[in-house]
Colleague: 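Have a look at the structure that comes next, please.
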Amino acid sequence: RFEISGLSAQSNAELLLKQAKRFNVKNLGIADVSKYGFIKDRLPKGVKIYTGKAGISELAGSRSNDLVLVAISGSASIRPTYAAVASGRTVALASKEALVSAGYAITSLAKKTGAMLLPVDSEHSAVFQCLQGHDISYVDKLCITASGGPLFNMPKQRFDTVTSKDVLRHPKWKMGKKITVDSATLMNKGLEVIEAKWLFGIEVDHIDVIIHPEAIVHSMVKFIDGSVLAQLGITDMRLPIQYALNYPNRFRNSLRQLDLTDVEKLTFYKPDMKKFPSLKVAYEAARQGGSAPCVLSVANEEAVKAFLMGKLPFTEIIEVIERALSRHRVIERPSIEQIEALEEFTKEEVKKWV
């Protein structure tokens, strides 16, 4: 059903080439410009190479694409998402940081160009599916579920001694390092609350986070009449990816199916914001609005990098984020250029503190 018109990578040139040859891809992007020579010397004629951040954005914004799947980690996802939206393409978005940092700029542009944003995150895909056929004005609450992460059952007193090895053992999902750390702090849920605000056009006070360790219910929607719709499924990202790629159609696949008779119980808890203050701080930044979520996201990204490199204790990730937010003067409706400038400034400030 699909023809892959373009593929991009940060620096994994070998895998990019392997995939390009397998799927006969004619447009390749590599963000790491030092890998250009490696790729160029190994490609057949007729393949175009895009390099650097600007090249990736140019590839994402190509009008030859019908759908652009953005799955770039962190703030590097913003420009490619903006470029794809500017060209009026349908954008399947797996990178929450794009809307967290530049939600106003991207969604207001989408209204002008007619671009459609399809969520790929399992939680937002679940909400999107529950909302099909329903007007957002009938919604009382969006309920985003969280597994609780790798530290859910660990006493807070032990957080001072937590290592990256402890944090990267996620009980349910196999994810990248950055998002796994965010899952441990619950910052991931805070970012998802902000993303949901922009995806579905609903204020953050109507978005709840619920801890659900079994990770069977991927999210729920509570309507004003008291009815609650939920989307359930196995913990496999291929399901929401398939849904986004094929929307509005559904197709059979070879994945394991959810059998509810095998599920012993479904449990739900309120998040402990004293134990996991990142979620509380994310809500505060969301209520501030404007450029505050951008500072939150970038400061978190840099602090997580420092933690993974052994330069910052786990408990000080949130301290760095709060420091960055306390020093920031909010811009109400920042442009994409203001967001990029703010990102660079925040990154440099955090690096100095670390």
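For this chain, numbers begin at 1 and follow the sequence in order.
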Colleague: Is the backbone of Pro293 close enough, under 3.5 Å, to the side chain of Ser297 for a donor and an acceptor to pair up by distance?
Modeller: no
Colleague: Are the side chains of Val162 and Thr315 in touch, meaning some heavy atoms are under 4.5 Å apart?
Modeller: no
Colleague: Using modelled atom types and a 3.5 Å cut-off, is there a donor and acceptor pairing between side-chain atoms of Gln129 and backbone atoms of Gln231?
Modeller: no
Colleague: Does atom CG of Asp66 have more than 12 heavy-atom neighbours, drawn from other residues, nucleotides or ligands, at distances under 6.0 Å?
Modeller: no
Colleague: Do Val181 and Ile318 share a hydrophobic cluster (ILVMFWY, side-chain heavy atoms under 4.5 Å, transitive)?
Modeller: yes
Colleague: Starting at CD1 of Ile317, measure out to OG of Ser278 and round the result to the nearest 0.5 Å.
Modeller: 7.5 Å
Colleague: With no hydrogens and no angle check, just 3.5 Å: does a side-chain donor-acceptor pair link Asn12 and Lys35?
Modeller: no
Colleague: Are Glu349 and Arg323 ion-paired here, with the side-chain N under 4.0 Å from a carboxylate O?
Modeller: no
Colleague: Output the distance between atom CG (Leu279) and atom CD (Glu284), rounded to the nearest 0.5 Å.
Modeller: 10.0 Å
Colleague: Could you check whether any side-chain N or O of Thr346 sits under 3.5 Å from a backbone N or O of Leu342, counting only pairs where one atom can act as donor and the other as acceptor?
Modeller: yes
Colleague: Hey, could you give me the CE/CG distance between Met116 and Leu93, rounded to the nearest 0.5 Å?
Modeller: 12.5 Å
Colleague: Got a donor-acceptor contact below 3.5 angstrom from the His218 side chain to the Ile234 backbone?
Modeller: yes
Colleague: Does Phe251 share a hydrophobic cluster with Val120, counting links as ILVMFWY side-chain heavy atoms below 4.5 Å and allowing steps through other members?
Modeller: no
Colleague: Is it true that, when you exclude Lys21 itself, more than 12 heavy atoms of the residues, nucleotides or ligands shown sit nearer than 6.0 Å to its NZ?
Modeller: yes
Colleague: Begin with the C-alpha distance, continue with both residues' side-chain angles, and end with the deciding distance and a verdict on side chain to side chain contact (heavy atoms under 4.5 Å, CB included) for Glu302 and Val320.
Modeller: CA-CA 9 Å; Glu302 291 302 312; Val320 167; over 6 Å; no
Colleague: Name the one of Glu58, Glu97, Glu337 that satisfies salt bridge (Lys or Arg N to Asp or Glu O under 4.0 Å) with Arg79?
Modeller: Glu337
Colleague: Indicate yes or no for a side-chain donor-acceptor contact from Thr113 to the backbone of Ala86 under 3.5 Å, with no hydrogens or angles considered.
Modeller: no
Colleague: For Phe307 and Glu316, run side chain to side chain contact (heavy atoms under 4.5 Å, CB included): C-alpha distance rounded to whole Å, both residues' side-chain angles, the deciding distance at 0.1 Å, then the answer.
Modeller: CA-CA 9 Å; Phe307 166 69; Glu316 289 185 23; over 6 Å; no
Colleague: Just verifying a value: how many Å separate Phe38 CZ and Leu17 CG, rounded to the nearest 0.5 Å?
Modeller: 6.0 Å
Colleague: Can a donor-acceptor pair be found between the side chains of Gln242 and Asn253 at a distance below 3.5 Å?
Modeller: yes
Colleague: Should the pair Arg238 and Tyr243 be classed as cation-pi, given the thresholds of under 6.0 Å to the six-membered ring centre and 45° from the axis?
Modeller: no
Colleague: Do Asp205 and Arg287 sit within salt-bridge range, that is, some charged N less than 4.0 Å from a carboxylate O?
Modeller: yes
Colleague: Judged by modelled atom types alone, do Thr163 and Asp166 share a side-chain donor-acceptor pair under 3.5 Å?
Modeller: yes
Colleague: Do Val330 and Val281 share a hydrophobic cluster, counting only Ile, Leu, Val, Met, Phe, Trp and Tyr and linking them when any side-chain heavy atoms are less than 4.5 Å apart?
Modeller: no
Colleague: When you measure from the side chain of Ser77 to the backbone of Ser73, do you find a donor-acceptor pair of N or O atoms at a distance under 3.5 Å?
Modeller: no
Colleague: Do Val304 and Asp182 come close enough that some side-chain heavy atom pair is under 4.5 Å?
Modeller: yes
Colleague: Would one find more than 12 heavy atoms of other residues, nucleotides or ligands at under 6.0 Å from atom NZ of Lys280?
Modeller: no
Colleague: Could you tell me whether the side chains of Glu123 and Thr145 share a donor-acceptor contact shorter than 3.5 Å?
Modeller: no
Colleague: Would you say Asn65 and Ser5 are linked by a side-chain donor-acceptor pair, where the criterion is simply a distance under 3.5 Å?
Modeller: yes
Colleague: Tell me if a side-chain donor or acceptor on Glu322 pairs with a main-chain N or O of Glu319 at a distance below 3.5 Å.
Modeller: no
Colleague: Evaluate side chain to side chain contact (heavy atoms under 4.5 Å, CB included) for Lys189 paired with Glu192, printing each intermediate quantity in order.
Modeller: CA-CA 5 Å; Lys189 294 300 132 180; Glu192 287 175 5; 2.7 Å; yes
Colleague: Taking NZ, NE, NH1 and NH2 as the nitrogens, is one of them in Asp121 or Lys96 under 4.0 Å from a carboxylate oxygen of the other?
Modeller: yes
Colleague: Check the surroundings of atom NZ in Lys275: do more than 12 heavy atoms from other residues, nucleotides or ligands lie under 6.0 Å from it?
Modeller: yes
Colleague: I'd like to know if Lys141 and Glu203 make a salt bridge, using a cut-off of under 4.0 Å between side-chain N and carboxylate O.
Modeller: no
Colleague: May I ask whether Met309 and Val298 are part of the same hydrophobic cluster, defined by side-chain heavy atoms of I, L, V, M, F, W, Y residues being less than 4.5 angstrom apart, directly or through others?
Modeller: no
Colleague: Kindly assign one of parallel, tilted or perpendicular to the pair His212 and Phe268, based on the angle between their ring planes and the thresholds 30° and 60°.
Modeller: parallel
Colleague: Give me each pair satisfying ring-ring contact (aromatic ring centres under 6.0 Å, His included) with a member in residues 115-146, each pair once, sequence neighbours excluded.
Modeller: Phe128-Tyr247, His134-Phe223
Colleague: So, the side chain of Arg63 versus the backbone of Ser87: is there a donor-acceptor pair under 3.5 Å, distance only?
Modeller: yes
Colleague: Just by modelled atom types, is the Ala20 backbone N or O under 3.5 Å from a matching donor or acceptor in the Lys26 side chain?
Modeller: no
Colleague: Heavy-atom count around Gln132 CD within 6.0 Å, excluding the residue itself: above 12?
Modeller: yes
Colleague: Whether the side chain of Ser101 engages the backbone of Ala98 through a donor-acceptor N/O pair (distance < 3.5 Å, no angle test) should be reported.
Modeller: no
Colleague: Give, for atom CG of Leu191 and atom OG of Ser95, the distance between the pair rounded to the nearest 0.5 Å.
Modeller: 12.0 Å
Colleague: Indicate if Tyr36 and Leu16 have the same hydrophobic cluster label, given that clusters are the connected sets of ILVMFWY residues with side-chain heavy-atom separations under 4.5 angstrom.
Modeller: yes
Colleague: What distance do Ser335 atom OG and Tyr82 atom OH have between them, rounded to the nearest 0.5 Å?
Modeller: 8.0 Å
Colleague: Side chain to side chain contact (heavy atoms under 4.5 Å, CB included) between Tyr283 and Val209: does it pass, once the steps are laid out?
Modeller: CA-CA 11 Å; Tyr283 266 104; Val209 172; 3.9 Å; yes
